[in-house]
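Written below as structure tokens is the structure these notes are about.
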Amino acid sequence: MHQLPLAARPPAPRPHSFQRRAACRCSLKQASASLAVAVRQCAAAPLLAATLLLGAAACPDFPAATPSAFAQSRGAALFQKACIGCHDTGGNILQPGATLSMKDLERNGVATEEEIYNITYYGKGRMPGYGENCTPRGQCTFGPRLAEEDIKMLAAFVKSQAENGWPKIDSDVE
């Protein structure tokens, strides 16, 4: 039997829309183990896979998938929004001995990302805490609180900047 050329073949039957949706029914929480698992669990089409990959950076369920460049630019934006008033170029206008230079961070026992995260979340001395569950109230910022993932990005950004001697931050970062 002769095969028909592709153009002459009848189109393959398409599943109904509810069947297509059922093939990719999973939540980000279910797929949070890794991006590869998310793609497999959802039986994702290439476009959905690309969307997950690009969207994962903004999703707290995928912290390991956050691209380094995105984290740095997001960290810079958060720093300019919440920290630059007191810590411009890594300095400290209120306490000159508590700058964000690597030397001062080490001397003050705040040299790891985790320690930077804790101080940013809970505050210390004149430094207000920005965490959603910061207590006691007098130690915390009166302004908007930051999400846990944002504080993690800030801590990574501060640590990176300190290790590199606080290179200039682009002023056009949003």
Side-chain angles (χ1 to χ4, degrees), residues 27-39 41 49-174:
S27 70
L28 288 177
K29 295 247 187 245
Q30 292 168 329
S32 66
S34 74
L35 191 55
V37 171
V39 172
Q41 284 179 346
T51 303
L52 282 172
L53 181 62
L54 294 173
C59 179
D61 291 336
F62 291 110
T66 304
S68 174
F70 173 80
Q72 281 296 96
S73 67
R74 178 73 178 138
L78 289 165
F79 187 85
Q80 287 190 340
K81 176 182 170 187
C83 312
I84 206 161
C86 294
H87 295 287
D88 192 18
T89 66
N92 188 328
I93 63 170
L94 298 176
Q95 289 180 268
T99 71
L100 301 179
S101 71
M102 202 64 210
K103 183 179 86 174
D104 281 350
L105 290 173
E106 288 171 349
R107 188 187 68 233
N108 294 320
V110 193
T112 67
E113 280 184 41
E114 183 178 350
E115 292 162 334
I116 296 168
Y117 169 88
N118 285 333
I119 286 184
T120 307
Y121 195 99
Y122 297 106
K124 181 179 178 183
R126 292 181 179 175
M127 167 77 185
Y130 286 87
E132 293 172 342
N133 297 317
C134 177
T135 56
R137 290 297 276 173
Q139 182 59 55
C140 308
T141 183
F142 293 105
R145 302 296 174 94
L146 298 175
E148 187 171 335
E149 193 61 31
D150 288 345
I151 296 174
K152 287 178 184 177
M153 280 190 200
L154 260 175
F157 175 76
V158 168
K159 173 79 171 160
S160 172
Q161 287 290 103
E163 289 172 341
N164 294 307
W166 281 90
K168 185 176 180 329
I169 302 171
D170 292 333
S171 60
D172 60 348
V173 175
E174 292 182 26

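Everything quoted here is computed from the prediction, not taken from an experiment.
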* In Å and rounded to the nearest 0.5 Å, what is the CZ to CD distance from F157 to Q80? -> 7.5 Å
* Does CD in E114 sit with more than 12 non-hydrogen atoms of other residues, nucleotides or ligands closer than 6.0 Å? -> no
* **Short side-chain to backbone donor-acceptor contact, K159 and T112, under 3.5 Å** => no
* Kindly say whether C140 contributes a backbone atom to a donor-acceptor pair with the side chain of R145 at under 3.5 angstrom? => no
* **Spacing of CG belonging to D88 relative to CZ belonging to F79, to within rounding of 0.5 Å** => 7.5 Å
* Without swapping roles, check the side chain of Y121 against the backbone of N133 for a donor-acceptor pair under 3.5 Å. => yes
* To do: Can you see which heavy atom on E115 is nearest to which on A111, and at what distance?
  => OE1-N, 3.0 Å
* Asked: Rounded to the nearest 0.5 Å, what separation is found between the OG1 atom of T120 and the CE atom of M127?
  -> 4.5 Å
* To do: Search all heavy atoms of S101 against all heavy atoms of A162 and return the closest pair with its distance.
  => C-CB, 4.3 Å
* State whether the side chain of N108 and the backbone N or O of G97 hold a donor-acceptor pair below 3.5 Å, judged by distance alone. => yes
* To do: Quick one: closest heavy-atom pair of K124 and I119, and the distance?
  => CD-CD1, 3.8 Å
* Spacing of I151 atom CD1 and C134 atom SG [to the nearest 0.5 Å] -> 8.5 Å
* Does some side-chain heavy atom of Q72 sit less than 4.5 Å from a side-chain heavy atom of M153? -> no
* Give, for atom NZ of K103 and atom CG of L105, the distance between the pair rounded to the nearest 0.5 Å. => 11.5 Å
* To do: Would you check if E149 and R74 make a side-chain contact, meaning some heavy-atom pair closer than 4.5 Å?
  => no
* Structure fact -> On a heavy-atom basis, the closest approach of L146 and D150 is CB-CB, 4.3 Å
* Closest non-hydrogen atom pair between A98 and D104, with its separation -> N-OD2, 4.3 Å
* Quick one: are K152 and Y117 in side-chain contact, heavy atoms under 4.5 Å? -> yes
* Structure fact -> Given the options N118, L100, I116, V158, V110 meets side-chain contact (heavy atoms from CB on, under 4.5 Å) only with I116
* **Any donor-acceptor N/O pair, E113 side chain to L154 backbone, under 3.5 Å** => no
